Amino acid sequence: MNIENLLRGNIKTIKAYSSARDEYKDASSDMVFLDANENPFQTNVNRYPDPKQSKLKERLSEVKGVKASQILLGNGSDEVLDLLFRAFCEPNQDNIITLPPTYGMYSVLADVNAVDIKKVFLNDSFEPKVLEILASQDEHSKILFLCSPNNPTANSFNANKVEKLLQEFKGMVVIDEAYIDFSNQESWVCRLNEFPNLIVTQTLSKAYGLAGIRLGICYASEFIISVLNKIKPPYNVNQLTQDKALERLNNLEAVTNEVDSILKERHTLINKLTHIPFVKKVYPSDANFVLAKVDDANKRYNQLIENGVVARNRTTQPLCEDCLRFTVGTQNENQTLIKILNQLK
Ligand SMILES: *Cc1c(COP(=O)(O)O)cnc(C)c1O
């Protein structure tokens with residue numbers, strides 16, 4: 001498989017912008033820095049941040065067991081995903097494949113980048129229809145998006161199906177692992193070197209509790225990462241974000257404890273939801289949220305709002321008719337939710 005052939009023509013030959021901090025790297029040294037037109041007076045952030053985020057990548061490399069040269073960081077997964085469109089998809093010519101019901105950003109970014117979307121719905125068990133997906137690809141199908149665990153259905157995809165897609169799909173396969181830290185399944189990052197077309201994305205927005213700092217992570221081959229590095233804005237991950245992310249990654253025990261607590265709460269929440277009279281079905285969850293089918297999603301959604309609880313109404317999504325999505329909160333928050341649900345008429 002020749003990955004270079006999948007790139008857009010202009011991207012194959014593009015040269016990276018060379019920033020001041022690229023040309024003289026050692027920002028921690030006690031040189032006199034007169035190269036970047038910064039204000040010399042201290043504010044803690046008067047200097048441009050490291051465009052390669054070397055310290056943060058080194059730590060991530062230790063934590064995730066992936067070489068730093070196979071990691072790209074962005075302003076949330078959203079930026080990472082947008083970079084992938086810009087690297088591979090020729091506007092008004094190429095297409096991507098998504099598997100609804102799934103995360104809405106893939107199609108938003110496709111629209112923004114003037115890229116066609118082929119939709120192959122998941123089956124009734126919310127699993128990918130492998131043969132239909134493979135049959136739907138054409139020479140312009142550049143990226144297949146697999147979200148696993150999937151939002152909003154909360155299940156992880158069967159690993160054999162994912163592996164078959166990695167082997168047979170003729171474009172890039174992006175596995176969005178935003179919820180992997182809540183999952184029983186192993187991350188696909190440990191298979192990166194087996195599949196040249198594999199790209200894994202993760203984020204610090206969910207399990208790591210840092211949605212506000214915007215840090216998205218992309219793992220891929222060194223070649224793909226080198227291409228993405230050429231097209232990303234030089235200072236796309238700001239200093240405050242790099243500092244905060246590093247601090248959290250140096251205190252993994254706190255993250256593990258929070259995830260453990262969320263998993264315990266998920267178990268209780270699923271159990272309690274099953275006993276609510278108007279809840280028709282509670283789907284299994286491998287993430288930090290639960291999808292539940294109710295008698296009338298619009299009615300229940302509005303009743304919850306009136307009682308001060310905001311859920312996500314997914315009823316307009318394919319295969320999700322009358323479904324509400326509940327994020328697993330603290331024990332108190334979940335108890336509030338259950339108490340209110342039990343009182344609804
Ligand atoms: C929440 C979520 C993300 C996270 O996006 P960020 O931009 O990193 O906050 C990515 N993918 C999916 C499927 C999500 O649900």
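Index from 1, following the sequence. Counting convention: from 1, in listed order, for ligands and their atoms alike. All of these numbers come straight from a predicted model, not from anything done at the bench.
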Say whether, by atom type as modelled, one donor and one acceptor occur between the side chain of Thr315 and the main chain of Cys323 under 3.5 angstrom.
no

Whether over 12 other heavy atoms sit under 6.0 Å from Lys52 NZ
no

What atoms in ligand 1 come closer than 4.0 Å to a heavy atom of Gly76?
7 (O), 8 (O)

Tell me if the aromatic rings of Tyr103 and Tyr106 count as close, with their centers under 6.0 Å from one another.
yes

Note: ligand 1 atoms sitting under 4.0 Å from heavy atoms of Ser205 are 6 (P), 8 (O), 9 (O)

Lys/Arg-Asp/Glu bridge criterion (N-O < 4.0 Å) met for Arg8, Asp94
no

Note the single closest protein heavy atom to atom 7 (O) of ligand 1, along with its residue, its atom name and the distance in Å.
Arg214 NH2, 2.5 Å

Regarding atom 2 (C) of ligand 1: of the candidates Glu79, Lys206, Glu177, which has the closest heavy atom?
Lys206

Verify, without hydrogens or angle tests, whether Gln53 (side chain) and Pro51 (backbone) share a donor-acceptor contact under 3.5 angstrom.
yes

Applying a 4.0 Å heavy-atom criterion (strictly less than), which segment of Met105 is in contact with ligand 1: side chain, backbone, both, or neither?
neither

Part of Ser77 within contact of ligand 1 (heavy atoms, under 4.0 Å)
both

Strictly under 6.0 Å, is that where the ring centroids of Phe289 and Tyr179 end up?
yes

So, Glu258 and Arg248, do they make that salt bridge, N to O below 4.0 Å?
yes

Against heavy atoms of Tyr103, which atoms of ligand 1 measure under 4.0 Å?
2 (C), 3 (C), 5 (O), 10 (C), 11 (N), 12 (C), 13 (C), 14 (C), 15 (O)

Which of the ligand 1 atoms, numbered from 1, are nearer than 4.0 Å to a heavy atom of Cys147:
13 (C)

Please report whether ligand 1 has a polar contact with Tyr106, defined as an N or O pair separated by less than 3.5 Å (distance criterion only).
no

Considering only non-hydrogen protein atoms, determine which one is nearest to atom 15 (O) of ligand 1 and report residue, atom name and distance to 0.1 Å.
Tyr179 OH, 2.6 Å

Of the listed options (Asp176, Asn151, Thr203), which comes nearest to atom 12 (C) of ligand 1 when hydrogens are ignored and any heavy atom counts?
Asp176

Looking at Glu58 and Lys55, is there a salt bridge between them, counting it only when a charged N and a carboxylate O are closer than 4.0 Å?
no

Enumerate the atoms of ligand 1 whose separation from the nearest heavy atom of Ala178 is less than 4.0 angstrom.
2 (C), 3 (C), 10 (C), 11 (N), 12 (C), 14 (C)

